[in-house]
Amino acid sequence: MEAALLSGFIKTILPKLFSLVQEKYKLHKVLKGDIKFLEKELRMIAVTIDDQILLGREDHGALLSLSMEELRELAHQIEDCIDRFLYHVTREQQASLFRRTITSPKTLRSRQRLAAEVQLLRKIPEEAHQREKRYRVFAGLSSSRQAESSYCSSGSDPHTPKADLVGIDGPRDELVQQLTEEPEDLAKQLKVISIVGIHGSGKTVLAREVYESDVGRQFSLRAWISATGRGPREVLMEILRKFGRPVVDNFSVDQLTVDVREHLDKKRYFIVIDDMQTDQWSSIEAAFPQDNVVSSRVMVTTTIQSVANARSSSNGYVHRTKRLGDKDSEQLFVRKACPKKYLGYMQPESKEVLKKCDGQPLALVSMGQFLRKKGWPTGPNCEDVCRNLSHHLEQDETLERMRRVLLHSFSSLPGHGPKACLLYFGMFPCDHPIRRKRLMRRWLAEGFVETQPSSTENFNTLIDRNIIEPIGMCNNDQVKTCKTYGMMREFILLMSTSQDFITLFAGNKVEHKYVRRLSLHHNIATSGSCSSLDINLSLVRSLIVFGEAGKAILSFQKYQLLRVLDLEQCTDLEDEHLKDICNLLLLKYLSLGETVASIPKDIEKLKLLETLDLRRTKVKILPIEVLLLPCLLHLFGEFQLSDKVKITSEVQKFFLTEQSSLETLAGFVTDGCLGFPQIISHMKNLRKLKIWIERSEKNTNFTDLVNAIQKFIHDDKEESNDPRSLSLHFDACTENILSSLKAPSYLRSLKLKGKLLELPQFVISMRGLRELCLSSTKLTAGLLAALSVLKDFESVPGDSSLASTTAEREAMETFPTPDGALQEDNIQILVKQISSAAPEKLNNSEPISKDELNSSFNNMGFSEGKLGLTELSIVQNGKVSSYTH
């Protein structure tokens with residue numbers, strides 16, 4: 001596991017190392033030779049580690065003459081050397097011609113310093129090799145690493161004592177019913193039942209209960225197969241062995257499939273395949289007769305949602321394990337933590353432990369056994385254990401099974417990318433909802449992934465494997481916010497801190513002198529405590545602050561290599577700090593909070609900045625210099641350009657030559673005057689646009705704005721179907737802008753907020769629309785009826801693919817009421833409560849009646865029998881009226 005992380009990290013710095021030999025850096029020939037030597041050495045180290053991992057060997061150190069700790073330190077030193085050089089080169093490039101002339105000796109010194117550092121780094125593997133040749137004493141890995149190899153299994157234990165089976169009756173009865181239940185329209189055939197959930201959630205125990213039930217024992221052939229660490233061939237061989245069939249070792253998967261199929265043909269069988277971690281089903285599916293007319297069953301347990309879905313065909317069933325409730329959790333914990341003879345006494349204060357266990361049976365059992373060793377679990381005792389849980393998780397033998405399960409979840413992740421992305425969750429406080437898009441942009445800035453698609457793929461991998469869990473969802477069923485569950489978070493903290501991946505403040509102490517990623521939580525870092533700490537902040541790559549940071553941490557002159565700076569929830573950041581932030585020349589991600597009111601023009605120095613998030617700030621006027629940043633991809637906030645801004649020849653050249661990389665502009669405020677409307681037409685990469693339209697006395701002409709929006713939504717069918725989205729907020733005086741927009745148009749997502757009496761014509765004829773969100777102060781029958789045109793339009797061959805349509809109404813904060821949703825196939829109309837008026841007829845101010853509302857929906861094709869939710873609540877004059885179908 002540690003080796004895989006190191007190998008992946010080495011691969012991320014190899015391109016940076018290789019880039020140094022390019023001509024633009026004008027390095028000496030000898031220095032280039034040293035750099036190429038290091039590149040080859042690191043590449044060989046990474047390949048060797050990967051080969052040994054594939055062979056299942058743990059003696060990487062014997063082959064490399066360096067321990068994992070030494071290799072990690074070497075890789076970190078190389079990365080530091082590269083980034084320091086790039087920082088100085090970037091600073092030199094931004095200096096004026098006069099300053100470059102004056103500072104040319106410094107330029108020479110920076111290259112000399114790089115040469116000296118590279119020579120020292122080159123000596124490290126050379127000296128290790130000579131040491132190995134002289135003494136034949138291999139560094140090897142510590143005994144803990146060898147022990148770790150034996151831990152790397154799922155930890156599944158189906159033979160759990162009956163006393164530990166809490167809250168299992170309902171799920172067991174549900175699955176037992178699936179053993180006998182047959183759909184009315186299908187003949188008796190094979191059914192594949194999948195049980196999916198995180199490691200330690202009781203999947204294996206639940207499957208064993210079903211397997212050993214009276215119904216489970218009625219099958220003529222039964223077999224329990226463990227798929228842990230086995231490929232398709234090994235699984236098929238194990239099935240044959242369990243049925244007493246001869247197995248030929250050199251048989252292929254196809255030959256084994258035939259043997260298994262012949263043995264199972266015309267027989268009623270029940271086979272459980274436990275802990276299937278890869279998509280093996282496609283390879284072994286043919287071994288199980290589908291139409292043997294005897295209702296056979298295959299049950300699969302897995303932690304991977306996509307694996308469960310793939311196994312459950314039209315006649316399949318997926319059961320997702322759930323957390324134990326508070327009552328069942330406490331019952332199971334107390335059983336393990338308290339001796340039976342004391343159960344009549346006052347119950348232990350277990351609130352903090354139960355929170356950490358998060359309803360996971362294995363965690364509850366493990367923590368109960370651990371605390372039982374320490375005596376009666378009092379409140380203070382439990383709190384103390386929870387504060388140091390990651391330490392106990394690493395050291396205590398009682399928690400070994402829990403540790404093995406968590407380690408298996410981590411080590412089974414494919415490659416370095418998902419592992420690094422998972423460890424990054426340790427930067428956030430416990431139970432803190434983490435925004436998906438924010439997280440993925442930070443992964444990109446850190447260099448864990450190279451592209452947005454790979455960032456999305458890694459996130460989906462962690463969700464699919466149930467390692468992180470969604471909290472909030474968007475209208476399009478995408479995860480909006482997520483978090484890690486209790487014990488997994490403790491494991492992440494253990495791994496990330498032990499590998500020097502992140503550093504947390506704990507009790508006003510920092511574990512390491514050299515810090516690469518620093519996270520401060522909940523005012524724990526004060527000015528006095530931080531100023532006395534011996535920390536080299538110049539190596540910090542990522543800094544995130546929740547609460548008060550203190551003067552020492554906010555002294556940005558100390559930082560050089562920062563890539564990610566998240567001060568969104570920092571409470572003591574001031575505008576004066578931004579001057580020094582603008583000197584962080586390698587910065588790629590910058591997020592600021594509500595204490596910031598203005599952005600200096602010096603931000604133009606941040607040539608590598610990719611994301612600037614000002615949504616929580618009080619910034620209303622944006623310097624034009626922000627829009628001229630060549631690498632800026634995502635810009636968030638609610639701002640406008642200054643009236644005094646001058647569109648200089650330099651600005652014109654930047655946009656006319658299409659140098660802007662901006663993909664997200666969400667968003668800007670405009671009254672149609674000079675500024676954003678003229679600029680966005682030249683942003684060729686723009687994919688997400690959000691605009692607040694305001695009418696002012698000095699301007700009533702929105703022609704430039706309409707033209708800019710028209711150009712953004714224009715449908716060029718020869719282009720690929722890019723994920724373009726538009727959000728428009730308009731007041732009562734500017735709704736005619738919508739009527740000025742014409743077809744042909746293309747968008748994936750459209751959000752309109754304002755007074756909307758009818759659906760604009762360009763929306764009705766729009767191609768590719770998947771999400772339509774209407775937030776209006778008026779909801780008319782005509783507007784609802786217009787949506788039926790969209791529904792019919794979807795069925796036109798080769799045209800619009802409308803996956804979800806959402807009509808939204810804003811709710812008064814002082815009058816919260818439940819939301820209603822009307823669903824028919826893949827159309828969804830979500831109606832949030834109305835703030836002031838009920839739905840109105842198109843040309844009449846009278847509220848629409850219940851019968852008229854029903855008629856409107858029926859005319860749209862939403863028949864009463866097909867409505868997904870049967871109640872629509874309407875607020876009128878402070879009263880709630882419910883229309884029930």
Side-chain angles (χ1 to χ4, degrees), residues 198 305-306 320 323 358 418 421-422 424-425 427-445 449 452-485 488-489 544 546 564 566 568-569 589 591 593 611 613-616 633-638 663-667 687-690 723-727 729 747-753 769-775 803-811 813 816 818-821 823 826 828-832 868-869:
I198 65 174
Q305 188 66 48
S306 59
R320 185 177 180 85
R323 290 176 173 77
D358 209 8
C421 290
L422 178 61
Y424 202 74
F425 276 83
M427 295 286 286
F428 299 91
C430 180
D431 293 329
H432 179 78
I434 304 168
R435 299 199 302 269
R436 174 180 63 93
K437 291 183 178 180
R438 173 195 188 190
L439 182 67
M440 293 195 302
R441 283 189 286 267
R442 289 174 60 164
W443 289 345
L444 277 165
V449 293
Q452 181 64 40
S454 59
S455 183
T456 301
E457 181 182 351
N458 282 339
F459 183 86
N460 291 341
T461 295
L462 297 178
I463 288 286
D464 187 40
R465 290 173 178 257
N466 290 285
I467 293 177
I468 61 175
E469 56 182 346
I471 302 175
M473 304 294 291
C474 300
N475 290 335
N476 59 2
D477 292 331
Q478 289 283 334
V479 176
K480 187 174 184 178
T481 55
C482 62
K483 69 171 186 175
T484 54
Y485 63 91
M488 178 53 75
R489 171 171 169 74
I544 181 171
F546 296 88
V564 174
D566 187 342
E568 195 171 291
Q569 298 186 50
Y589 180 101
S591 180
T611 298
D613 195 336
L614 305 175
R615 282 176 287 192
R616 287 178 175 261
L633 298 173
H634 308 287
L635 177 58
F636 301 97
E638 186 177 346
E663 297 177 2
T664 303
L665 178 54
R687 294 294 177 265
K688 181 175 182 178
L689 180 61
K690 186 174 186 179
R724 248 181 288 167
S725 69
L726 174 65
S727 177
H729 295 235
L747 285 173
R748 286 281 187 91
S749 172
L750 175 62
K751 299 179 181 180
L752 302 175
K753 182 176 182 180
L769 193 62
R770 295 186 179 181
E771 179 185 18
L772 176 61
C773 180
L774 307 177
S775 296
S804 174
T805 303
T806 307
E808 261 190 25
R809 304 294 301 273
E810 283 196 312
E813 293 183 2
D819 293 346
Q823 295 181 341
N826 58 350
Q828 182 185 37
I829 300 175
L830 177 66
V831 182
K832 291 189 175 179
L869 195 70

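Everything numeric here is computed off the predicted structure, so don't read it as measured data.
- Distance check, rounded to the nearest 0.5 Å: OG of Ser591 to CZ of Arg442 gives 8.0 Å.
- Ile463 and Glu469 get closest at one heavy-atom pair: CD1-C, 4.3 Å.
- For the atom pair Leu750 CG and Ser725 OG, the distance stands at 9.5 Å (nearest 0.5 Å).
- Under the 4.5 Å side-chain criterion, counting only non-hydrogen atoms from C-beta, Val479 is in contact with Met473.
- The aromatic rings of Phe428 and Tyr424 lie perpendicular to each other, with more than 60° between the two planes, well past the 30° mark.
- Taking CZ of Phe636 as the reference point, atom CZ of Arg616 lies at 13.5 Å (rounded to 0.5 Å).
- Asp358 pairs by the side chain to side chain donor-acceptor pair (under 3.5 Å) definition with Arg323, not counting sequence neighbours.
- Judged purely by distance below 3.5 Å, without hydrogens or angles, the side chains of Gln305 and Arg320 pair a donor atom with an acceptor atom.
- In this structure the side chain of Glu638 never reaches within 4.5 angstrom of the side chain of Lys690, judged on heavy atoms.
- Under the 30°/60° scheme for interplanar angles, the aromatic rings of Phe459 and Trp443 are found to be tilted.
- Across every non-hydrogen atom of Tyr485 and Asn466, the tightest pair is CE2-O, 3.8 Å.
- In this structure, Leu462 CG and Ile468 CD1 are separated by 4.5 Å, a value rounded to the nearest 0.5 Å.
- The nearest pair of heavy atoms linking Leu444 to Ser455 is CG-CB, 4.4 Å.
- For Phe425 against Arg489, the heavy-atom pair with the smallest separation is O-NH1, 3.8 Å.
- Few gaps surround NZ on Lys483; more than 12 heavy atoms of other groups in view lie less than 6.0 Å from it.
- Side-chain atoms of His634 and Thr611 include no donor-acceptor pair closer than 3.5 Å.
- Note that the CZ atom of Arg724 and the CG atom of Leu769 stand 12.0 Å from one another [nearest 0.5 Å].
- Across every non-hydrogen atom of Arg615 and Gly637, the tightest pair is CG-N, 3.7 Å.
- Here the shortest heavy-atom pairing between Asp613 and Glu568 reads OD2-OE1, 3.9 Å.
- Applying the side chain to side chain donor-acceptor pair (under 3.5 Å) test to Arg687 and every residue at least two apart in sequence or in another chain returns nothing.
- Checking side-chain atoms of Thr481 against main-chain N and O of Gly472 turns up a donor-acceptor pair under 3.5 Å.
- Not counting sequence neighbours, Glu663 has no partner by the side chain to side chain donor-acceptor pair (under 3.5 Å) test.
- Annotation: the span from Ile467 atom CD1 to Cys421 atom SG amounts to 11.5 Å, rounded to 0.5 Å.
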